[in-house]
Amino acid sequence: MGIKDLLPALVNSTQPITIEEMVGTVVAIDASSWLHRGIYSCAKELFLGQKTDSYIKFFMDRIELLLRNRITPLVVFDGPSPLPAKAQVAAERREKRTIAKQLAWISLRQGDENRARQHCCSAAEITPDMVNNIIKSSIVLQALKDKGVDFVVAPYEADPQLALMSLSRTADYIITEDTNLLVYGAKQVIYNWEGDRGQLICQHLLYRSFPDLPDFTFQKFQYICILAGCDYLKSLPNMGIEGAKNFVKALGDRDIFMQVKNIGLFVGGHITVPPEYPDNFKMALNTFTYQTVYNPDKGYTPLHEYPPGLSAADFTYAGLPLPDAPVADLSRTWVSEDVLNKTDQTDFTFKGTSSSDDESTESTHSTPYNLRSQQQKPISTVLSIGEDLKWTPPSFPVMTIDFITGTLSSEHSQTHTQCLFEASDRRVLLYTPPFDIIIQRSCTITAQNTSYLVVWEWGFHEPPINFEAHRNDTESEDESDMFELDSDSEDDDRDHVLPFEVMGVAHSRRRQEVLEWAHDEMVERNSTPQVELIPERINPLDEIAIAVCINTARGPETVGYIAKEMTQYVHPIINTNRLTCARIGRIAFRTTYENYGWFMKLLITRKGTWDRAVIRQSRHIM
DNA sequence: CAGTCGCGTACAT
DNA sequence: TACGCGACTG
Ligand SMILES: [Mg+2]
């Protein structure tokens, strides 16, 4: 909900902003908005209780994009406690979800996939489990990148918590879809974030949208928003954003709290004010001003200090401070200093293929990832396995992780280290200590006054089973892909180059070896191996996959495939003069929260413009 | 007309 | 969480 019709009313205070302008800043993220979007890719699965984590992928891809641009994300979640002032709205939403659930069942039974998905979306709720999963993935990401992804779980709503980050200058920008943020006083809010660009609204430019208000103040802006209708107080009948503006304008310098009951006199006779409205108005404003937030220095506090003589008891509707307020250092609470203080060797720049007209841009060469694969991973010995340990991060009370404790010694130092394995990974119980492991990803936390090395990802030194990173994207659906010929752009004979992701590069060891070889050729010998695109029939149904092959001494070797959604756009121009060139864009070692290994970006040049779908996907190629 | 209200629809891969 | 649309009203 937020404030009704506010965003359109603020166009004069809105300006586009791109990720390039944000390099080096801290960005606080309203997690619920990204979670909601991520849910769209797997709403049905969630609804049916099937296991899925693709909402995590959406979330983490966006986080990664920020990290690549040296932006520090600070992720803020809604809290588990219901806010009294929002009870009514919350109840309405519950009701809507219940209805959506029933509609979803009906659509599912009728086999109406589209409608079912839609209703599943409306029925979707962000569960603590999802929050946990996001946080866990991010811890892994954090360990991987040695970079900080900070989190705060707000005690009540994320909005005032985000505002606090802005007001305390902890964050430079807030990314959200919620207009409440401006009312809470956030200084710079970004709406409609598309991964690399969005619409920025600065508090100090708000006045531009209210040219009729002679002496615009932020307080007047707040009054207008509440009058126009907010989560804590519905607007009076026939009162909208314009009516609110008119009232505040007509009010001049008079005391608004004395005059709300007379709104009808100021803006016309068709508005009646119920007796309880003035009090409710005051309470709504107080909720925006004094809602309880988590203050990293002081524990739970109101967003702004209570007025003299008043205390939390006077604002119970804005959320009571929770018991046992944790006081913690916000920045990287659970990652040890030595991990975080490592010099940041990464130097990423991202240039999206910008431009909304179909002018494809020359693909830019971003600085490659630093090559972690060249670091020798030391062998560690697990000396003992001990008790279970449940751990709740100090400032993130909604999450608990189950660990198994253990003792480690490493190749290099003889000292014994207390360590933790995720209890869900039963491999650690397969052998009786001592046994050797190789730690791929780890970080340090403090739990119960003891420092532990958390071993997030590891393998046996001599693996009893050969486990490779598998990607199951070679499965194809039974869609009948129509190979449409290009239509209207025949007259454009200019060269257009776009990047493509090569899929399935982690499918076999050999593919990885070829990529590594090609990388070395490029870096050490300054020669670039040739690429060939070879259409393959992958099943009797005439479905085609386009293999990406690299010429090695053994001849052309497949390293992966073009994403199957892109096949229909590339296949028609293969072996024609429209396809001018296919070459390696970049080969680098990539570590993500879900996978790691050599990956390849492919550049294909064609005469004439690419289909819009191709241009769209290319923006997400890193 | 301008403004408000209520509904249906999109968001991702 | 918006958005856009058509409908209603002063
Ligand atoms: Mg919110």
Side-chain angles (χ1 to χ4, degrees), chain A residues 1-11 14 29-47 52-62 78 86 89-90 92-93 96-97 99-100 103 107 113-126 157-159 162 174-183 189-195 198-199 201 212 224 227-231 234-247 264 267-272 471-473 475-477 479 501 503 563-566 613-614 616-617 619-621:
Chain A
M1 264 183 191
I3 310 302
K4 227 186 299 170
D5 299 324
L6 183 60
L7 238 32
L10 297 181
V11 279
T14 307
I29 293 144
D30 185 347
S32 66
S33 66
W34 285 8
L35 236 22
H36 266 295
R37 289 221 196 160
I39 282 172
Y40 269 82
S41 59
C42 54
K44 200 174 110 190
E45 288 77 5
L46 285 172
F47 182 69
T52 173
D53 59 358
S54 62
Y55 62 94
I56 297 178
K57 176 162 167 46
F58 174 80
F59 199 103
M60 299 315 295
D61 282 352
R62 292 206 152 184
D78 280 295
K86 219 181 164 180
V89 176
E92 283 169 17
R93 284 219 257 263
K96 276 187 186 160
R97 272 200 289 270
I99 295 171
L103 291 173
S107 308
E113 286 290 319
N114 277 335
R115 250 169 230 299
R117 189 180 13 80
Q118 206 157 316
H119 288 130
C120 287
C121 292
S122 316
E125 207 169 353
I126 295 171
E157 289 186 288
D159 311 36
L162 288 158
I174 312 288
I175 292 181
T176 183
E177 298 302 326
D178 193 334
T179 42
N180 282 333
L181 258 295
L182 290 164
V183 193
V189 187
I190 300 175
Y191 293 98
N192 308 322
W193 183 250
E194 293 172 36
Q199 299 296 324
I201 298 184
D212 295 342
I224 292 170
L227 291 164
C230 65
D231 288 355
K234 285 194 145 30
S235 68
L236 296 166
N238 299 320
M239 175 66 94
I241 187 95
E242 295 301 322
K245 279 188 198 171
N246 290 335
F247 172 58
V267 294
H270 49 101
I271 295 207
T272 45
R471 294 192 58 158
N472 51 353
D473 47 26
E475 294 278 9
S476 35
E477 304 291 320
E479 319 161 9
E501 176 152 16
M503 312 299 288
K564 79 170 186 244
E565 298 78 19
M566 291 301 115
V614 185
R616 206 174 113 90
Q617 66 91 31
R619 283 180 37 178
H620 302 288
I621 308 279

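Note: hydrogens, waters and symmetry copies are ignored here, and every other heavy atom, side chains too, is used. This is a predicted model, so every value here is computed, not measured. In what follows, chains carry the letters A, B, and so on, assigned in the order in which the sequence lines appear, proteins first and then strands, with residues in each chain numbered from 1.
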When you compare the protein's N or O atoms with those of nucleotides 7-10 of chain C, which come within less than 3.5 Å of each other, and at what distance?
none

Any N/O pairs under 3.5 Å between the protein and nucleotides 5-10 of chain B? List them or say none.
| from | atom 1 | to | atom 2 | distance (Å) |
| --- | --- | --- | --- | --- |
| B:dC5 | OP1 | A:Asn238 | N | 2.7 |
| B:dC5 | OP2 | A:Lys4 | NZ | 3.4 |
| B:dA10 | OP2 | A:Gln118 | OE1 | 3.3 |

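- For A:Ser41, the side chain to side chain donor-acceptor pair (under 3.5 Å) test picks out A:Ser54, with sequence neighbours left out.
- As judged by a 4.0 angstrom heavy-atom cut-off over every strand, A:Gly38 is placed among residues making no nucleic acid contact.
- Here C:dC3 is the nucleotide among C:dC3, B:dT4, B:dA12 with the atom lying nearest to any side-chain atom of A:Pro8.
- Every salt bridge (Lys or Arg N to Asp or Glu O under 4.0 Å) that A:Arg37 has, sequence neighbours left out, goes to A:Glu177.
- The CD-P distance, from A:Gln199 to C:dA2, rounds to 15 Å in whole Å.
- Other residues, nucleotides and ligands contribute over 12 non-hydrogen atoms within 6.0 Å of the CZ atom of A:Arg97.
- For the pair A:Asn114 CG and B:dT13 C1', the computed distance is 14 Å after rounding to whole Å.
- Rounding to whole angstrom units, CG of residue A:Asn192 and C1' of C:dC3 are separated by 10 Å.
- For the pair A:Arg37 CZ and C:dC3 C1', the interatomic distance rounds to 12 Å; values are reported in whole Å.
- Remark: A:Lys245 engages A:Glu242 in a salt bridge (Lys or Arg N to Asp or Glu O under 4.0 Å) (not counting sequence neighbours).
- Across all strands, A:Arg62 comes closer than 4.0 Å to no nucleic acid atom at all (heavy-atom distances).
- Summarising the geometry, the separation between CD1 on A:Ile56 and C1' on B:dT13 is reported as 16 Å, rounded to the nearest angstrom.
- Legend: residues meeting salt bridge (Lys or Arg N to Asp or Glu O under 4.0 Å) with A:Lys234, ordered by chain and number and at least two apart, are A:Glu92.
- Atom-to-atom, CZ of A:Phe59 to C1' of B:dT13 comes out at 18 Å; the value is rounded to the nearest Å.
- At least one donor-acceptor pair closer than 3.5 Å links the side chain of A:Asp78 to the backbone N or O of A:Ala158.
- In this structure, A:Glu565 atom CD and B:dA12 atom C1' are separated by 12 Å, rounded to whole Å.
- By the side chain to side chain donor-acceptor pair (under 3.5 Å) test, A:Thr176 pairs with A:Asp30, sequence neighbours left out.
- Listed by chain and number, the residues in a side chain to side chain donor-acceptor pair (under 3.5 Å) with A:Asn114 are A:Arg117 (sequence neighbours excluded).
- Among the protein residues, A:Asp231 comes within range of the sugar-phosphate backbone only, with heavy atoms under 4.0 Å from sugar or phosphate atoms but none that close to a base.
- A:Glu242 has its CD atom 5 Å from the P atom of B:dG3, to the nearest Å.
- Phosphate proximity of C:dA2 to A:Thr179: present, with a side-chain N or O under 4.0 Å from OP1 or OP2.
- In this structure A:Leu7 satisfies the side-chain contact (heavy atoms from CB on, under 4.5 Å) test together with A:Thr179, A:Tyr191, A:Ile201, sequence neighbours excluded.
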